[in-house]
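Here's the structure we're looking at; comments come further down.
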Amino acid sequence: MSQAYNPSKIEKKWQQYWEDHATFKVKDDAASPKFYALSMFPYPSGSGLHVGHAEGYAATDIVSRYKRMKGYDVLHPMGWDAFGLPAEQHALNTGEHPKHISKRNIDNYRRQLKSLGLSYDWDKEINTTDPNYYKWTQWIFLQLYKRGLAYVDEVPVNWCPELGTVLANEEVIDGKSERGGFPVIRKPMRQWMLKITAYAERLLEDLDDLDWPESLKEMQRNWIGKSVGAEVTFSIEGHGSFDVFTTRPDTLFGVTYCVLAPEHPLVAEITTAEQADAVKAYQENAALKSDLERTDLAKDKTGVFTGAYAIHPVSGAKIPIWISDYVLISYGTGAIMAVPGHDQRDFEFATKFEIPIVEVIKGGDISQEAYTGSGEHVNSDFMNGMDNEQAIDSMNQWLESNGKGKKKVTYRLRDWLFSRQRYWGEPIPIIHLEDGTMKPIPEDQLPLLLPEMKEIKPSGTGESPLANETDWVNTVDPETGQKARRETNTMPQWAGSSWYYLRYIDPHNNEEICDKEKQERWLPIDLYIGGVEHAVLHLLYARFWHKVLYDIGVVSTKEPFQKLFNQGMILGDNNEKMSKSRGNVVNPDDIVAQYGADTLRVYEMFMGPLDAAKPWSTTGVDGTYRFLNRVWRLFMNEDGNVQDKIQPIEGSDEFKRVWHKTIKKVSADMELLQFNTAISQMMVFVNEANKAEQLPKKAMEDFVQLLSPFAPHLAEELWEKLGHTDTITYAAWPQFEEQWTVDNEIEIVVQIKGKIIDRIHIPSDMEQEEMQEMALSLDKVKAAIEGKTIRKIIAVKGKLVNIVAT
RNA sequence: GCGCAUGUGGCGGAAUUGGCAGACGCACUAGACUUAGGAUCUAGCGUCUCACGACGUGGGGGUUCAAGUCCCUCCAUGCGCACCA
């Protein structure tokens, strides 16, 4: 009894052993092949680790442990994305400094991760809030600035006058502040922007070579939103001109009006006196609406005529110019040519305001709806008779040679709003001089430290709390002696996480961001596992920074994450997302305390495919725990000794087949991250082993190794009981013999026209003709084909014989 | 609205190239052992039928000797984007 499986005892024992022996320290030995396995690092929140985190971390850990046994030098690090809003909010509420909150949460996370037996090299631990780390985040910012990729712009933010602070989008609910329910308005403020749009094409193109889930690549493609079209210049009667972007230059003869976004700078200039009041009212109304309202209430088109007319670039016709909020200032040129016959939005608008609708492509019924398909062009001068493709080319040529426009590519991707009006983030290393110019802080003066502040409170002006710290804010430019003010904006949480994978390679380097040779050895990341919630922003930002680093010679791969995998969400036992309010949250600490980390790891991997969403089941955990108990008893008797039936023998042919099939299946599943089926095969092995009279020791050792990535503590313990004195971590992964992975006698089915009529046992290597003969000699077959003609016989080796008789 | 996934027993899920649907686990049923059982072991467990047998992978249609798997169509659920010109 006392010698039963005791996870709490053996898990502590082996965690201590691994720590004492630095078992998982990266060897950094160029002689062995490398494997870089990375989990998305967490924001250390106050509520601690979630079973969903554990799933992704366990998966990466299992692969890491497998690769070590396969002879790889494995980099498997962990760290903390510790800047961010929750700590700052907590600081505002309690007065406690965010760095203390952060440290407490990190200590808790580290304890939890260690309790799961994750094989990290803790010497590689990083923390984005550590000045030795954010020094290099600031350094990257300066490289971006030098290359013109960081610039300042006026951008609207969520300003809450009552709180005297700017809010993040997630802090605004229905136009009110989440805390206090105060009104929030859009207010333009000076902001740092990063020119990610300059990399749009490369970010799009290089997706093709990545081993990522296709759905995720698609999300990035949609986010980048490339569209190919033309820019067309319309002159305005009595004024200058404006450009529109269109993907359908072939419909130019169908234009019956133009629309400018309400914010378009030309609106004020071209609006006629009679229309001025209406236009102004419309603009004001549009400005009050949030982005959400503007899109949500999209069903009904609104707009106002400016009184001005554009001149059609080809026909010279007079085209009325309207303003409407269905045209977005942020996309294309903020102005469109409207073709109601062939664009549904324009159709709705034209119908409402009784603007003429002209057909220029045959194929639809434009009295009912816009026709957006392909067809023969009509009413289109030189394009008449052409199809869409020809007409687009033809119009693009005409525009180009007549100086009225050109072919043009537009992206939906916007530049990255990079500043936050917060204390708890990396300070932006820029000073603003008295003369109005700004200047980067010299690289050798980094890091620019966050000042210690007794109290963190809003500045009231919309600037970050740093503005209150006058000693820090007011400075002098050492070069010119001019008075200067430090930038009070800080960087967003995305900054530190956009390059952390690089720092893990060389975390203590004080001379450079990462040693060149080390970087060449370790990049790209061979496996990156994390949640799908980072599908767009984190992964796009990190790719962007990586490409910049590539351009300046810091890294030598075009992409950081060669293979990426999204673990699916773990739902509560009621099939709903886990949340405190639903009361269905499972705390990994509780599972570890009750069943042990090995059970938690094996259960989470056994639940289903790694990328699927799957509900938690308490009885499922019980089942996994029972499995590990069965494993224990298979090896150990009640006196705490290895079972007598484990002997240095070869084993029966039957058992050898299960043994080698298991090695083959588990090895293959490891490569494909199909852990659920690997575990089920190990269960099959255990079921068979329990039936056997005697068990070959070699088979049992192999099994312990197969199990060890999943249940490392149990495996270490059994490995030791089997007489090994060294850790199982680096024991060479078992090999299977192909001959033992196939049965020599198998059961096949005999079908008549696809219906199973009988089953027979045959040697697995029996040839097709012999199979046919055997099938035809069966009584049941003879009876079934009595009086019929055999049309065809299909025999598939090792599978079946199908007789077609009529 | 557009795009991308996913639909298999009571539940989680398995099923190389189209080739025995339901591996493995949970739950359940019966039995054994036991002072006891929420431990352990044995057997059963898709649906209908006493049985023979028939039916069965979201619905309908198709290709094929053979379809969970391929094609068409519809439905449902989830995720992403959402007036992107």
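The figures here come from the full heavy-atom set of this structure, side chains too, leaving out hydrogens, waters and symmetry mates.
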* Asked: side-chain hydrogen bond (donor to acceptor under 3.5 Å, both in side chains) between A/Tyr257 and A/Ser324: does it pass, once the steps are laid out?
  -> CA-CA 12 Å; A/Tyr257 63 99; A/Ser324 170; over 6 Å; no
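- Residue contacts for A/Asn629: at a heavy-atom cut-off of 4.0 Å it reaches no nucleic acid atom on any strand shown.
- No donor-acceptor contact under 3.5 angstrom links the side chains of A/Glu348 and A/Thr351, judged on distance only.
- Between the A/Thr251 side chain and the A/Val339 main chain, no donor and acceptor come within less than 3.5 Å of each other.
- Taking the six-membered ring where tryptophan is involved, the planes of A/Trp416 and A/Tyr541 are essentially parallel, since the angle between them stays under 30° and well short of 60°.
- Between A/Lys217 and the phosphate of B/G80, there is no side-chain N or O to OP1/OP2 separation shorter than 4.0 Å.
- Using a 4.0 Å heavy-atom criterion, one finds that A/Ile756 contacts the sugar-phosphate atoms exclusively.
- A salt bridge is defined here as a Lys NZ or Arg NE, NH1 or NH2 lying under 4.0 Å from an Asp or Glu carboxylate O, and A/Glu214 with A/Arg221 meets this definition.
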Got a list of protein N/O to nucleotides 6-14 of chain B N/O distances below 3.5 Å?
residue, atom, partner, partner atom, Å
B/G12, O2', A/Met607, O, 2.5
B/A14, OP1, A/Asn676, ND2, 3.1

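- In this structure, A/Glu214 reaches neither bases nor backbone, as no heavy-atom distance under 4.0 Å exists between it and the strands shown.
- Nucleic acid contact for A/Gly623: sugar-phosphate only, since backbone atoms but no base atoms lie under 4.0 Å from a heavy atom of the residue.
- Using a 4.0 Å heavy-atom criterion, one finds that A/Arg221 contacts no nucleic acid atom at all.
- One C1' atom belongs to B/C24, the other to B/G9, and the distance between them is 14 Å to the nearest Å.
- A/Val796 comes within contact range of at least one nucleobase, with a heavy-atom separation under 4.0 Å.
- Contacts with RNA chain B (heavy atom under 4.0 Å) in residues 758-769 of chain A: A/Arg759, listed by number.
- A salt bridge is defined here as a Lys NZ or Arg NE, NH1 or NH2 lying under 4.0 Å from an Asp or Glu carboxylate O, and A/Arg657 with A/Glu654 fails to meet this definition.
- For A/Arg791 and B/C65, the shortest distance from a side-chain N or O to OP1 or OP2 is not below 4.0 Å.
- Note on A/Gln751: a base of the nucleic acid sits closer than 4.0 angstrom, heavy atoms only.
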* Asked: When you look at A/Ser8 and A/Asn6, which way does the side-chain hydrogen bond (donor to acceptor under 3.5 Å, both in side chains) test go after all the steps?
  -> CA-CA 6 Å; A/Ser8 62; A/Asn6 183 344; 3.1 Å; yes
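- Here the separation of B/G22 from B/G68, taken at their C1' atoms, is 11 Å to the nearest Å.
- Residue A/Ser227 is in sugar-phosphate contact alone, with no base atom involved, counting any heavy-atom pair closer than 4.0 Å across all strands shown.
- Evaluated for a ring-ring contact (aromatic ring centres under 6.0 Å, His included) with A/Tyr603, the options A/Tyr595, A/Tyr625, A/Trp616 yield exactly one hit, A/Trp616.
- Listed for the A/Lys217 side chain is a donor-acceptor partner under 3.5 Å among the backbone atoms of A/Leu210.
- Taking for each of A/Lys755 and A/Glu218 the nucleotide of RNA chain B with the nearest heavy atom, the 5'-most of the two is the partner of A/Glu218.
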